[in-house]
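First the structure, in the form of structure tokens, and then the observations on it.
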Amino acid sequence: MPALVDDIGVAVLTRLAEHGIDRMVENSAKTKNVLARAWKHLFDGRVSVIITGLGGAGKTSLQKIISGQKKAEELDGHYHISSTNERTELRENSFVAVYTRPGQPDWYGNADVYEELFKALSKSRKIKVINVVSFGYDALHRITLDALPSHAEGQGLDVTLRAYLEQQRAMERERLAELVTLLGSMPASKTINILTVINKADLWHDRNAEVVRYYEGTNYGAVIAAMTASNGGRITHSMTSGSLIPVNLRTQDGFVLAPVLSGFDLHMRRRYLENLINDVREFFK
């Protein structure tokens, strides 16, 4: 605990310095707010948030929105590859550290990436995990149709899509099992909250009942249920869904495997997005 207090004490002093003593005196409301949060976290412990998921699921887009780096309408939908844990702070609370774990297979299991996450979690009294999934509709990056493992010459795009979705869902389950192992290694004194964000509703909202069954039922849901049941209530799980950036699922050479569904208009996008962001903000409370 002393080490934790020292770390947070440095964070408090840094935050005070960033605001400036003169400005802090002039703005007593801001001063009170910063000091109240600092006092709370000195005793509660710094909160670490991990955003994890497959490459192309939407992790970076979510991270940019909740950290205040971008507004949803400013996101361009370009695939972003990272080889390290991207660290930011929550827009509403700078004492909450957000780590976005790389999703690409070459970097996800990297020893340095894993060690950094493990250390961050070990220092935090409260752990929050956002697992971003997409029912398999993960964006493709610089992959042509012929280079897709799920595609064969002369095969219809619908067959290729089905095979790709099954492949990605299998990888989701593998990553979930790895996540369970990581969280299970944390001391029993830590409280752990998990939020599953089912992204890409613009590509699957006409199959909503099937998607819910998958993530609540015997596939993904069974792993979550077993984990929460075996940890004496210290691990909780909730779920939300939405669409961060409506965009066609297409290959680099322009083949559209899954178009944004008809009827997913601006009103529907806003409704999905608002619900998702509100649920994420509630998760941080």
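A quick note: this is a predicted structure, and the numbers were derived from the prediction, not measured. In this chain, numbering begins with 1 at the start of the sequence shown.
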Would you compute the distance between atom [atom1] of [X] and atom [atom2] of [Y] and round it to the nearest 0.5 angstrom?
X    : Y    : atom1 : atom2 : result
S238 : E282 : OG    : CD    : 9.5 Å
S241 : D279 : OG    : CG    : 8.0 Å
T160 : Q155 : OG1   : CD    : 3.5 Å
E216 : M239 : CD    : CE    : 5.5 Å
L176 : E174 : CG    : CD    : 11.0 Å

Is there a side-chain contact between [X] and [Y], using heavy atoms and a 4.5 Å cut-off?
X    : Y    : answer
V180 : V223 : yes
L62  : I130 : yes
L148 : L140 : yes
I194 : M227 : yes
F255 : R250 : no
F264 : P259 : no
I198 : V212 : no
V129 : L179 : yes

Transitively linked via ILVMFWY side-chain contacts under 4.5 Å: [X] with [Y]?
X    : Y    : value
I143 : L257 : yes
I245 : V197 : yes
M268 : L261 : no
Y215 : I224 : yes
M186 : I50  : yes

Exercise for the section: Using the six-membered ring wherever Trp is involved, compare the ring planes of H237 and Y220 and label them parallel, tilted or perpendicular (cut-offs 30° and 60°). Expected result: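 If you compare the ring of H237 with that of Y220, the planes turn out tilted.
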Exercise for the section: Pick out which of Q167, E172, E166 makes a side-chain hydrogen bond (donor to acceptor under 3.5 Å, both in side chains) with R169. Expected result: E166
Problem - Verdict with reasoning, Q252 to T144, per side chain to side chain donor-acceptor pair (under 3.5 Å) - result: CA-CA 5 Å; Q252 185 185 31; T144 62; 5.9 Å; no
Taking all atoms of both residues into account, what is the closest heavy-atom pair of [X] and [Y], and its distance?
X    : Y    : value
A258 : L161 : CB-CD2, 4.2 Å
S61  : L244 : CB-CD1, 4.0 Å
Y272 : A201 : CE2-CB, 3.7 Å
L203 : D206 : O-OD1, 4.4 Å
P246 : R269 : CD-NE, 3.2 Å
V247 : D202 : N-OD2, 3.2 Å

Practice task
Take W204 and S243, measure what side chain to side chain contact (heavy atoms under 4.5 Å, CB included) needs, and give me the verdict at the end.
Solution key: CA-CA 10 Å; W204 55 253; S243 175; over 6 Å; no
Exercise for the section: State whether the side chain of N193 and the backbone N or O of I235 hold a donor-acceptor pair below 3.5 Å, judged by distance alone. Expected result: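 No.
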Handout entry: Any donor-acceptor N/O pair, K59 side chain to L54 backbone, under 3.5 Å
Key =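 Side chain of K59 to backbone of L54, a donor-acceptor pair under 3.5 Å: yes, one is there.
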Exercise for the section: Tell me whether the guanidinium CZ or amine NZ of K200 lies under 6.0 angstrom from the six-membered ring centre of F135 and within 45° of its axis. Expected result: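 No cation-pi geometry.
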Problem - Enclosure of R173 CZ (heavy-atom neighbours >12, cutoff 6.0 Å) - result: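 Yes, enclosed.
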Handout entry: Steps toward side chain to side chain contact (heavy atoms under 4.5 Å, CB included) verdict (V256, L249)
Key = CA-CA 6 Å; V256 176; L249 176 64; over 6 Å; no
Problem - Sidechain N-carboxylate O distance under 4.0 Å for E210, R213 - result: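 Judged by the 4.0 Å cut-off on N to carboxylate O distance, E210 and R213 do not form a salt bridge.
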Problem - Within the 6.0 Å centroid threshold, strictly below: Y164 and Y137 - result: no
Practice task
Apply the test side chain to side chain contact (heavy atoms under 4.5 Å, CB included) to residues V280 and L195: give CA-CA distance (whole Å), side-chain angles for both, the deciding distance (0.1 Å), then the verdict.
Solution key: CA-CA 8 Å; V280 170; L195 175 68; 4.0 Å; yes
Practice task
Could you pull out all residues at least two apart from N199 that satisfy side chain to side chain donor-acceptor pair (under 3.5 Å)?
Solution key: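 None.
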Exercise for the section: In sequence, state the C-alpha distance, the side-chain angles, and the governing distance for T196 and T240, and then conclude on side chain to side chain contact (heavy atoms under 4.5 Å, CB included). Expected result: CA-CA 6 Å; T196 295; T240 189; over 6 Å; no
